[in-house]
> 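There's a structure below that I have some questions on.
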Protein chains: 2
Amino acid sequence: MNDSRPIRAKSGTNHEGTSAHNRRVMIDALRINGALSRADLARATRLTKQTVSNIIEELERDGLVSSQEAVRKGRGQPSTPYGLVPEGAFAIGLQIDRHVTRAVAVDLVGSVLVRDESGLPPGGPSSGTRVILDLVAGVRSKLAGIVQQSEKRLVGLGAAMPGPFGVAGSGDDPWMMEAWQKFPLLETLSAGTGLDVGLQNDAAAAATAERMVGAAHGLDHAVCLFVGYGIGAGLILNGDLYRGTNGNAGEIGMALLFADGKSTPLEHRASLASLYQHLSVDPADPHLHARINDLALKGDQSIHAWVEAAAVDLRWSIHLIETLFDPQTVILCGSAPEALVSRLIAAIGPLLPSIAERRGRTLPRLQPGMADPWSVALGAAAGPISRAFDPRFAAILKDSLQS
Amino acid sequence: MNDSRPIRAKSGTNHEGTSAHNRRVMIDALRINGALSRADLARATRLTKQTVSNIIEELERDGLVSSQEAVRKGRGQPSTPYGLVPEGAFAIGLQIDRHVTRAVAVDLVGSVLVRDESGLPPGGPSSGTRVILDLVAGVRSKLAGIVQQSEKRLVGLGAAMPGPFGVAGSGDDPWMMEAWQKFPLLETLSAGTGLDVGLQNDAAAAATAERMVGAAHGLDHAVCLFVGYGIGAGLILNGDLYRGTNGNAGEIGMALLFADGKSTPLEHRASLASLYQHLSVDPADPHLHARINDLALKGDQSIHAWVEAAAVDLRWSIHLIETLFDPQTVILCGSAPEALVSRLIAAIGPLLPSIAERRGRTLPRLQPGMADPWSVALGAAAGPISRAFDPRFAAILKDSLQS
DNA sequence: GTAATAAGTCAAGACAATTGACTTAATAAG
DNA sequence: CTTATTAAGTCAATTGTCTTGACTTATTAC
């Protein structure tokens with residue numbers, strides 16, 4: 001009678017969607033190219049000078065862009081470049097890791113203004129939530145002390161934690177943070193902060209960070225191979241983070257190394273967890289990061305052995321990523337100590353032959369990314385900023401225009 | 001002085017982009033849900049009744065949709081459903097394979113109206129081009145004989161051939177159609193037919209076909225694992241075919257099976273090419289398809305051995321695809337004989353544990369797709385239709401609105 | 001000093017979605 | 001059988017946003 005299966009359709013768009021898109025395109029252009037004149041923007045975006053003028057005026061009113069000194073370049077009226085105003089927007093980024101949680105406040109151009117961290121008590125979410133909310137509140141108030149009106153310009157809170165999310169058979173895998181996985185984190189954070197909250201896995205956050213201020217800046221197709229406690233890939237496809245059906249795309253750590261089905265996942269061989277095991281050290285040791293950095297610098301034998309073994313697997317991972325995603329470049333990043341990452345990169349080369357070997361390449365196939373303990377938190381913060389200001393298909397649709 | 005590096009920016013949009021998007025959204029909704037009333041469309045797309053009415057009127061004038069018998073469903077004025085008109089648009093699909101080329105004419109809803117094939121002479125593009133252009137011309141004129149005004153409603157020619165495209169080191173790989181790779185195929189086809197021409201690899205074409213009329217219908221995230229002469233994956237991500245930087249995304253056939261770097265690519269073990277080699281048969285034999293189908297049905301020992309071996313690799317490939325892309329489902333399709341594909345599917349199960357194992361799954365992790373020698377040509381034709389009528393980000397941008 | 005060039009503004013116009021009142025056509029209820 | 005209710009769909013005016021073409025401003029080239 002009433003055939004009640006729901007009708008599936010994509011959302012339409014309207015004038016506001018058009019306008020929202022064009023605003024985002026301007027911001028994106030300024031982010032990629034630096035300050036530009038309205039005439040340049042008009043040419044680059046294919047919009048008319050008039051439209052660009054109107055949008056820039058509006059963005060200036062909103063405090064997102066500002067004019068700079070006029071520049072003369074040949075004949076004609078000098079142009080007035082407009083650039084992004086760093087203080088135009090802020091976001092809080094939160095990294096929840098095994099033994100520690102970090103929070104940062106980041107501005108529109110990706111500068112970290114405030115950073116703070118706390119140890120996470122072993123009790124899981126029940127006790128951890130308090131610590132996290134306090135940390136976020138602290139960062140938020142420090143930000144408010146540095147810049148005025150920061151609360152008004154806060155676009156959201158981005159959280160990052162190790163994935164995968166919501167997987168059925170994960171209970172018996174000691175590498176995962178099971179209790180956190182089951183916890184209604186988004187709701188708790190949202191209720192506890194009153195902010196829009198987004199969640200991504202740590203590799204995705206690293207990719208988001210690289211896209212905003214790192215090696216993937218301005219690229220539309222880039223994959224970040226993130227070596228942390230686990231290992232994952234953050235996917236920038238078509239200029240946007242790709243999340244997959246359940247936000248688990250890129251979980252390369254769970255990829256099996258051999259086709260026979262009896263092998264171990266990549267994560268057990270090329271990750272900090274595997275290094276800690278190899279070295280028989282306690283992952284909870286707060287000085288571990290520095291100690292491993294020292295050891296790596298000194299050319300420690302045990303570390304060397306792990307690096308050589310991991311490099312084999314990473315080389316294969318990069319080959320696989322190139323083969324499946326055909327990106328412009330692969331970026332190796334991680335929360336690993338810097339010295340370790342550079343040893344890894346050295347040990348990985350030369351890369352395996354792949355479809356990425358083309359005549360006329362300009363970008364290197366593999367680039368080092370950030371190797372900074374704070375990069376995941378930065379990427380977590382970059383998430384809300386990207387959602388708010390970067391051009392994306394979803395942003396033109398009516399069902400995303402409530403704000 | 002004049003800093004002449006080009007300014008990179010995304011294109012803006014305007015009213016026409018809005019309108020184009022909304023038209024596409026309507027068509028997409030009708031394709032996924034079947035005929036719908038204007039009121040239903042308005043609710044589903046979040047547009048107003050009035051807007052929907054205007055767009056539908058325009059689409060009806062353009063011959064893309066038509067009204068059906070009014071239906072009463074409870075109180076209120078009966079609704080008038082509108083459905084896609086199959087004859088609203090056509091496309092030609094062309095498959096270029098090693099020893100044969102196939103062409104089809106397909107309508108708006110993906111029905112194949114005309115099909116024809118020719119053997120490809122071994123001389124490569126120099127002699128093959130003539131054969132192909134004749135084939136296309138034949139299909140085109142047969143289409144014109146069946147439906148009126150077909151030429152006016154022809155949106156383009158889609159070509160599909162084995163990838164990868166434009167790769168540097170490919171010269172020494174006997175599995176590739178090297179001469180065709182180097183040939184300016186798009187230009188030649190475009191000049192020879194006067195049509196808009198698109199090119200994708202055969203796995204991408206298979207995925208496009210599955211999306212239009214097969215197991216991926218209405219899905220936003222699906223991966224087609226295509227077993228043909230080679231093996232590749234066609235990627236539907238965010239509701240659109242993902243091509244990567246150079247159209248080579250998904251070339252899983254080139255993935256190495258072991259991390260040690262000395263192993264063979266997947267293609268050498270799980271593809272029809274590997275089967276032919278295993279059986280020591282001539283790939284150019286025109287009756288091969290039927291013969292292998294017979295052998296598979298009879299439970300031939302040699303085929304069984306290959307199936308068992310290939311299934312191991314395919315099981316791993318599916319695991320890998322699930323791990324990296326997090327799709328709603330994986331579809332196994334191919335130009336392989338149907339009996340062979342069903343034996344493969346039987347031998348592949350059960351699947352390896354992966355992030356795809358979730359509570360609340362509704363779709364199977366692995367589904368059989370089309371196993372039809374014509375499915376690649378169909379997918380090739382579906383390409384231009386999708387580009388012309390499906391909602392996509394690129395379609396709203398000013399730089400895509402010249403047509 | 002004048003012409004050429006380019007940036008940017010102004011005001012009117014065009015386009016497409018929105019709004020709110022209205023019409024039409026059916027069923028449910030009394 | 002009549003009337004109220006509900007839902008589909010239309011009409012006409014309005015709104016929001018980009019476009020158009022003429023104009024102004026500021027600079028360099030000749």
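Throughout, protein chains are lettered first and strands after them, A, B, ... in sequence-line order, and every chain is numbered starting at 1. Below, all heavy atoms of this structure are taken into account, side chains as well, without hydrogens, waters or symmetry copies. The structure presented is a predicted model; accordingly, all values stated were derived computationally and were not measured.
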> Classify A/T51 by what it touches in the nucleic acid, base, sugar-phosphate, or nothing, heavy-atom distance under 4.0 Å.
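Base contact.
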> Check A/R31 with A/D28, please: is the shortest side-chain N to carboxylate O separation under 4.0 Å?
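A/R31 and A/D28: not salt-bridged.
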> Under 3.5 Å, is there any donor-acceptor pair linking the side chain of A/H15 to the base of C/dA16?
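Result: at least one qualifying N/O pair found.
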> Side-chain N or O of A/S53 versus OP1/OP2 of C/dT9: is the shortest distance under 4.0 Å?
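Yes, such a contact exists.
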> What nucleotide among C/dG8, C/dA17, D/dT19 has an atom nearest to a side-chain atom of A/Q77?
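Selected nucleotide: C/dG8.
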> Between B/E87 and B/R153 (salt bridge meaning N to carboxylate O under 4.0 Å), is one present in this structure?
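No, B/E87 and B/R153 are not salt-bridged.
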> Salt bridge check, A/E151 against A/R140: does any charged N sit closer than 4.0 Å to a carboxylate O?
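A salt bridge is present here (some side-chain N lies under 4.0 Å from a carboxylate O).
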> Rounded to whole Å, how long is the line connecting atom CG of B/L59 with atom P of C/dA16?
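Taking atom P of C/dA16 as the reference, CG of B/L59 is at 13 Å.
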> Closer than 4.0 Å, any side-chain N/O of B/N14 to the OP1 or OP2 of D/dT19?
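So the side chain of B/N14 is within the cut-off, an N or O lying under 4.0 Å from OP1 or OP2 of D/dT19.
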> For D/dT27, take OP1 and OP2 only and decide whether either is under 4.0 Å from a side-chain N or O of A/R72.
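Yes.
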> Can you tell me the distance, in whole Å, between the CD atom of A/E16 and the C1' atom of C/dT18?
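Distance, rounded to whole Å: 10 Å.
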> Heavy-atom contacts under 4.0 Å between residues 34-43 of chain B and DNA chain D, which residues?
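Listed by number, they are B/S37, B/R38, B/A39, B/R43.
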> From C/dA4, D/dT19, D/dA26, pick the nucleotide closest to the side chain of A/P78?
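Selected nucleotide (nearest to the side chain): D/dA26.
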> Just compare D/dT27, C/dA16, D/dT5 and give me whichever is closest to any side-chain atom of B/S19.
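It is C/dA16.
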> Taking pairing as Watson-Crick or G-U wobble with both contacts under 3.5 Å, can you name the mate of D/dG21, or confirm there isn't one?
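Its partner is C/dC10 (Watson-Crick or G-U wobble, both distances under 3.5 Å).
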> With sequence neighbours left out, what residues match B/Y82 under ring-ring contact (aromatic ring centres under 6.0 Å, His included)?
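Partners of B/Y82 by the ring-ring contact (aromatic ring centres under 6.0 Å, His included) criterion come out as none, since no residue qualifies.
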> Within the pair A/K73 and C/dA7, is there a side-chain N or O less than 4.0 Å away from OP1 or OP2?
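Result: no.
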> Over how many whole Å does the gap from A/E69 atom CD to D/dT27 atom P extend?
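Atom-to-atom, A/E69 to D/dT27, this comes out as 12 Å.
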> To the nearest Å, how far apart are A/M26 CE and D/dC18 P?
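From A/M26 CE to D/dC18 P: 8 Å.
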> Please report the distance, rounded to the nearest Å, between CD1 in B/I55 and P in C/dC15.
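Whole-Å distance recorded here is 16 Å.
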> Could you tell me whether B/N22 contacts a base, only the sugar-phosphate backbone, or nothing, with contacts defined as non-hydrogen atoms closer than 4.0 Å?
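Sugar-phosphate: the residue B/N22, judged by heavy atoms under 4.0 Å, touches backbone atoms but no base.
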> What nucleotide, of D/dT10, C/dA7, C/dT18, holds the atom closest to the side chain of A/K49?
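Of D/dT10, C/dA7, C/dT18, C/dA7 is nearest to the side chain of A/K49.
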> Taking atom P of C/dC15 as reference, at what distance in whole Å does atom CD of B/E58 sit?
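So the CD-P distance, B/E58 to C/dC15, works out to 12 Å.
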> Students often mix this up, so state it plainly: with edges at 30° and 60°, are the rings of B/H15 and A/H15 parallel, tilted or perpendicular?
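Geometry flag for A/H15 against B/H15: perpendicular rings.
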> Mind calculating the distance between CZ (A/R75) and P (C/dT2) to the nearest angstrom?
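Nearest whole value for this atom pair: 16 Å.
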> Got a second to check how far A/N22's CG is from A/L47's CG, nearest 0.5 Å?
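Those atoms lie 4.5 Å apart.
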> In terms of side-chain heavy atoms, does A/N54 have a donor or acceptor partner in A/Q50 at a distance below 3.5 Å?
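Yes, side-chain donor-acceptor contact under 3.5 Å.
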> Could you tell me whether the side chains of A/T80 and A/S67 share a donor-acceptor contact shorter than 3.5 Å?
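No, no side-chain donor-acceptor contact under 3.5 Å.
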> Looking at D/dA7, I'd like to know if its phosphate oxygens (OP1 or OP2) sit under 4.0 Å from a side-chain N or O belonging to B/S79.
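It does not, given that no N or O in the side chain of B/S79 lies less than 4.0 Å from OP1 or OP2 of D/dA7.
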> Could you state the atom-to-atom distance from CZ of B/R23 to P of C/dA16 in whole Å?
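After rounding, the reported distance stands at 10 Å.
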> Looking only at side-chain N and O atoms, does B/T48 come under 4.0 Å of OP1 or OP2 in C/dT18?
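So the side chain of B/T48 is within the cut-off, an N or O lying under 4.0 Å from OP1 or OP2 of C/dT18.
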> Given the structure, check if the side chain of A/Q50 and the base of C/dC10 hold any donor-acceptor pair shorter than 3.5 Å.
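Yes.
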